[in-house]
Protein chains: 2
Amino acid sequence: MTMSNTGGRRKPPTIHDVARVAGVSRGTVSRVLNGGHYVSPAAQEAVNAAIRKTGYVVNRHARSLITGRSDSIGFLLTEPQEKLFEDPNFNVLLRCCTQALAAHDIPLLLMLAGTEDERRRITRYITAGHVDGVLLVSSHSCDPVADELHEAGVPVVQCGKPMGLGSKVSYVAADDRGGARDMVRHLLSLGRRRIGVVSGPLDTPGGVDRLAGYKEVLGEAGVEIDERLIVSGDYSRASGEAGAERLLARAPDMDAVFVASDLMAQGALTALRRAGRRVPEDVSVGGFDDSVAATESTPALTTIRQPYDRISAEMVRVLLAQIGGDDPAAVILPTELVRRDST
Amino acid sequence: MTMSNTGGRRKPPTIHDVARVAGVSRGTVSRVLNGGHYVSPAAQEAVNAAIRKTGYVVNRHARSLITGRSDSIGFLLTEPQEKLFEDPNFNVLLRCCTQALAAHDIPLLLMLAGTEDERRRITRYITAGHVDGVLLVSSHSCDPVADELHEAGVPVVQCGKPMGLGSKVSYVAADDRGGARDMVRHLLSLGRRRIGVVSGPLDTPGGVDRLAGYKEVLGEAGVEIDERLIVSGDYSRASGEAGAERLLARAPDMDAVFVASDLMAQGALTALRRAGRRVPEDVSVGGFDDSVAATESTPALTTIRQPYDRISAEMVRVLLAQIGGDDPAAVILPTELVRRDST
DNA sequence: CTGTGCTCTGTGAGCGTTCACAGTAGAGAA
DNA sequence: TTCTCTACTGTGAACGCTCACAGAGCACAG
C-alpha cells in the first residue's frame, strides 16, 4: 500500500501520521516521545509499533522552535587551528566529546574561530541560541570568549583551568601540579639530582602549575632549585629542542629533565642526541601528555598520562548538568605516570 | 529604554520586532533577509538598521521548519576513528571543510559512525532530513553507506574515488595515478632502476591506482617489472616498516622505493636505517601525501602533495551544487611532487 | 479612459512539534 | 449515590519563520 522509498527524497512521516496509524492523538505520541509519563501501556506499545512501521523520526526543528532548546552543542576552538589540529591531544578530545554526546543523541557542531571575523560570527550564532551549550578548547585557556558567553547566559565548559581566578566558568582539567610532582618524584627516585625543566608557557595555568609541581617536590626533597636548570617553551617540538640546548649550555651536569609536553620532549631528545648524551643512561627524560608522540619517539617517552577520555566525558557531563540548571563546576582529574624507556 | 542584556538568557528578538522597529511588515524583513529582491532601497535600509539595533539573528529552526532545509551539513566518518584521527590528512580535511562551509554560513555536524549501532542511528538522522547533505570520509572508500544515502536522495560527496564503478555518488579525489607516475619518473630521473614499491591496500582505489602508476611508468621506460620489488601495506607506519624489510630481503639490490603513504615511508626509513642503508645515498625513498609526517622524519621525505585544501573546497562546492539541484560530479585534482632530502 | 505590466508591500496560512488545559473514565472514600 | 483523586487522552494555541497571494501604486501603451 505504501509507496516505494527508493530514489528522491520523500516527505517524511510526521507525528500526525504516527498518531493516525497508532489510533491515538498527537499529544499521546508526543508524550511517548518525551519519556512516556502518563501514557497507558497499550498506547505506549501502539505508538512504538507505529513509529517502527512508519519509520518516523522526530523533526528537531519543529521541536526546537517550541522548546527553545536546540538539542545540539558546539565544540568551539578559538586558537589558530593549524596548531591545534596537529596536536594529537586535541583530536582525542574532539573524538571523545563527539562520542559522549552521541550517547545522548546530541549532535556536535564544530566551530573554528581563528580570525576575529569568525569569532564574531560564531559568538552571534551561539548567543542567538542555536546551540544549548559550548565545549570550549583554547590553548591559552584564558580566552575572554569563555566569560563573554557565560555572561550572555550560555552554558560553557572549558577544557583546562582558566587563567583568571575571577572567572566563574566551568572547567575540566587534568591535575597538572600533581602530574608534575609525580614525574619529578620519579626522577628523584632514580637517583637523579640535577633535574632540569622545560616548562610550558608561563602565561597559561598548565605551564605555571607544572613548574610549581617541579619546584615543590625539589624543595620537599631538599634539592637546591637552580635557575639555570629552568627554561620554558611553548609546547612545540622546536621549543623543546631549543630549551634542552639552553639547559645543556647552562648546566652541562644535568642528569635528568622534565619536559612539560611530549612534543617538546621529542625536541629535547633530538638536542640531547646531538649533544652526545645518551637517554636514559646519561640523562633521564620525562614528558607530559602521553600523546602518540610519546610512543613514536626513540626511546619511547616516560610521561604523565592526561586522561583525555575522562576529561571529555566530564566536560560533557558538566555541560549537560549546567544546561539542566546546575551551577558551574570545576573538575580536576588525576594523572598517571607511564613508564617507558626514556627514564 | 532597552533592558541591559547581561546575565541570564533573554528572549531574542524576532522578525516581528525587527518589522516593528523598521516600520515595515514581516514579509519585507523576510525578503531583505533572503536576498533583498523586490525591496525598495528605503525599506532595505530601514530593515538593516533595525536588525543592527535589535541585534536580531534569524531563528534557523523556524526557517528550517518551513523551508525543509536544515542549512547544515554532516561530516561523516565511517571508519574506526582512532585510526583516522591519527591521520594528519584527515585533520586537514576536517578543518578545511569546516572553514569552507563557514564561508557559506553553514554549520558542520561531526558524525562518527564506528559501530554498527552508530551507523544506524546516524543514517536515520541523516535520512530524516536533519542535514542537507553529507561529506563522507572513509578510508575504504567503498563504503556502502555512500550508495545508501544517495539512494535515499541525500546529496553526498565522498572523499576519494569509490571502488565500484557502478556508483553514481559524487567524489573528489587527488590524481593517485598521476602522482605515482610523477614520483616514479622522478626516481628514474635520478638514475635509479631497481625501484621497489610499498603500495597501499589493493582493495582501495587509491592503492590500486598508485600501483598502476608505478607499473605504467616503469613499462614506458622499458624497465623490467620485478614482482619481488612489489609489496603492499595498509598505510600504517608499521606496515611500511615491514614492507621495506620484505623488499630488502627479496631484492637486496633495491636502489629506490616508492612508498604509497608518508606514514609508511617513515616506517620504511626505520627499516632501511636498521639494514644499514643510507637514505638517499644508497636508497632513494619517495612518499605520498605530504602530511606533516613528511617533514618530521629524518631525512625529510620527498613526497607527492595531495592538495587537501583544494579537495575540501571542491567537496563543499560539489555538495552545495548538488543540494542546489545539480547532478553528481566527479573531480580529480592534480598532485604535486615535493622534493626534500630523501631522494 | 482602460488595460497591462512592473515594482513593491502586507497578510494569512501553515511548517511539525510541545505545552497547557480541559475533559473522561474508573477507583475508592464519604 | 456523590464527590474527589488519579491516570490517561485529545485539542487548540502557540513557536518564528517563509511562501503564495492579493493588492497598491505607478508608468506607459493602446
Side-chain angles (χ1 to χ4, degrees), chain A residues 9-48 50-51 54-72 105 124-125 127-132, chain B residues 9-48 50-51 54-72 105 124-125 127-132:
Chain A
R9 258 204 228 221
R10 199 147 256 95
K11 203 169 181 171
T14 74
I15 204 173
H16 226 107
D17 300 320
V18 175
R20 197 164 25 74
V21 171
V24 298
S25 72
R26 282 169 12 243
T28 301
V29 177
S30 177
R31 275 184 287 265
V32 171
L33 253 35
N34 295 289
H37 299 302
Y38 288 95
V39 182
S40 67
Q44 180 94 246
E45 184 42 48
V47 168
N48 282 327
I51 288 176
T54 54
Y56 170 79
V57 178
V58 68
N59 182 325
R60 300 169 91 111
H61 300 305
R63 172 183 285 173
S64 296
L65 183 54
I66 183 153
T67 61
R69 285 176 285 119
S70 68
D71 290 321
S72 65
D105 210 27
R124 279 179 79 92
Y125 184 86
T127 49
H130 290 313
V131 292
D132 295 339
Chain B
R9 258 203 230 222
R10 199 148 258 96
K11 201 167 179 171
T14 74
I15 203 172
H16 224 108
D17 300 321
V18 175
R20 196 164 26 75
V21 171
V24 298
S25 71
R26 285 168 10 241
T28 301
V29 177
S30 178
R31 275 184 285 267
V32 171
L33 253 36
N34 295 287
H37 300 302
Y38 287 98
V39 181
S40 67
Q44 181 93 248
E45 186 40 50
V47 168
N48 282 327
I51 287 176
T54 55
Y56 171 78
V57 178
V58 67
N59 181 326
R60 299 169 91 112
H61 300 303
R63 172 184 284 174
S64 294
L65 185 55
I66 183 153
T67 60
R69 286 175 286 118
S70 68
D71 290 321
S72 65
D105 210 26
R124 279 178 80 90
Y125 185 87
T127 49
H130 291 313
V131 293
D132 295 339

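Just so we're on the same page: letters track the sequence lines, and every chain starts at 1. This is a predicted model, so every value here is computed, not measured.
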Taking the side chain from S30(A) and the backbone from R26(A), do they hold a donor-acceptor pair closer than 3.5 Å? no
Y125(A): partners by ring pair (Phe, Tyr, Trp, His ring centres under 6.0 Å), with sequence neighbours left out: H130(A)
Less than 4.5 Å apart, side chain to side chain, heavy atoms only: is that true for N59(B) and T14(B)? no
Contact list (N/O, under 3.5 angstrom) for nucleotides 15-19 of chain C vs protein:
| from | atom 1 | to | atom 2 | distance (Å) |
| --- | --- | --- | --- | --- |
| dG16(C) | N2 | A62(A) | O | 3.4 |
| dT17(C) | OP1 | Y56(A) | OH | 2.4 |
| dT17(C) | OP1 | N59(A) | N | 3.2 |
| dT17(C) | OP2 | I15(A) | N | 2.3 |
| dT18(C) | OP1 | N34(A) | ND2 | 3.2 |
| dT18(C) | OP1 | R63(A) | NE | 2.9 |
| dT18(C) | OP1 | R63(A) | NH2 | 3.1 |
| dT18(C) | OP2 | S30(A) | OG | 2.7 |
| dT18(C) | O4 | R26(A) | NH2 | 2.8 |

Show the nearest heavy-atom pair for residues A46(A) and A22(A), with the distance to one decimal. O-CB, 3.6 Å
What pair of heavy atoms forms the shortest contact from D71(B) to R63(B), and how long is it? OD2-CD, 3.8 Å
A side-chain contact here means heavy atoms from C-beta on lying under 4.5 Å apart; do T28(A) and Y38(A) qualify? no
Which nucleotide of DNA chain D is the first, and which the last, in the 5' to 3' direction, to come under 4.0 Å of a heavy atom belonging to chain B? dG16(D) to dT18(D)
Partner set under side chain to side chain donor-acceptor pair (under 3.5 Å) for R124(B), not counting sequence neighbours: none
Do the side chains of T67(A) and R60(A) get nearer than 4.5 Å, heavy atoms only? no
Between S70(B) and D132(B), is any side-chain donor less than 3.5 angstrom from a side-chain acceptor? yes
Heavy-atom pair with the smallest gap, counting every atom of V47(B) and V18(B): O-CG1, 4.2 Å
Is there a side-chain contact between Y56(B) and D17(B) (heavy atoms, below 4.5 Å)? no
Find the bend of the helix from dC1(C)-dG30(D) to dA30(C)-dT1(D) as the angle between its two terminal axes (five pairs each), to the nearest 10°. 60°
Is the closest side-chain heavy-atom distance between I51(B) and V21(B) below 4.5 Å? no
At a heavy-atom distance below 4.0 Å, what parts of residues 36-47 of chain A sit against DNA chain D? Y38(A), V39(A), S40(A), A43(A)
